[in-house]
Amino acid sequence: MSPWEFTESLGAKVRARRVSLSLSQSDLADLAGVSERFVRFVEQGKTTVQLEPLLAVLGTLGLELKVQPAGKQSSQS
């Protein structure tokens with residue numbers, strides 16, 4: 001998976017979770033302690049977002065980032 005494909009998929013999952021929780025981008029930014037611009041960049045699939053604020057956004061949404069051996073498919077989507 002290319003970095004672009006990964007960040008696009010991640011952004012879509014973050015957006016879907018945020019919407020399912022009825023949060024605006026501004027609400028999520030406030031709760032995670034990041035800027036609204038950062039949330040927008042994550043959801044747009046920007047490939048250069050920083051890890052620490054990304055983890056704050058994911059944690060706020062009840063999501064986590066997992067690392068696994070290449071070629072392994074996760075049982076969750």
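Side chains are part of it too, since the values below use all heavy atoms of this structure and drop only hydrogens, waters and symmetry mates. Every value quoted in this text rests on a predicted model; they were computed, and no experiment measured them.
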> With the 4.5 Å side-chain cut-off for hydrophobic clustering, are Leu10 and Leu21 part of the same group?
Replying inline: yes
>> When you group the ILVMFWY residues by side-chain heavy-atom contacts below 4.5 Å and let the links chain together, are Leu58 and Val19 in the same group?
In response: no
> Which atoms form the tightest heavy-atom contact between Ala32 and Ala56, and what is the distance?
Replying inline: O-CB, 3.6 Å
>> For the CZ atom of Phe41 and the OG1 atom of Thr7, what is their distance to the nearest 0.5 Å?
In response: 12.5 Å
> Heavy-atom count around Gln50 CD within 6.0 Å, excluding the residue itself: above 12?
Replying inline: no
>> Show the nearest heavy-atom pair for residues Pro53 and Val34, with the distance to one decimal.
In response: CB-CG1, 3.7 Å
> Can you get from Leu55 to Leu31 by hopping between Ile, Leu, Val, Met, Phe, Trp and Tyr side chains that sit under 4.5 Å apart?
Replying inline: yes
> Which atom names give the shortest non-hydrogen contact between Leu65 and Phe6, and what distance separates them?
Replying inline: CD1-CZ, 3.9 Å
> For Lys13 and Leu63, which heavy atoms make the closest approach, and how far apart are they?
Replying inline: O-CD1, 4.4 Å
> Would you say the side chain of Glu43 lies within less than 4.5 Å of the side chain of Arg18, judging by non-hydrogen atoms?
Replying inline: yes
> Looking at Leu61 and Arg17, what are the two nearest heavy atoms and their distance?
Replying inline: O-NE, 2.6 Å
> Between CG of Asp30 and CG of Leu23, what distance do you get to the nearest 0.5 Å?
Replying inline: 10.5 Å
> Rounded to the nearest 0.5 Å, how far apart are CH2 of Trp4 and NZ of Lys46?
Replying inline: 15.0 Å
> So, Ser9 side chain and Glu5 main chain: donor-acceptor pair closer than 3.5 Å or not?
Replying inline: no
> Nearest 0.5 Å, what's the CZ-CD distance between Arg15 and Gln44?
Replying inline: 8.0 Å
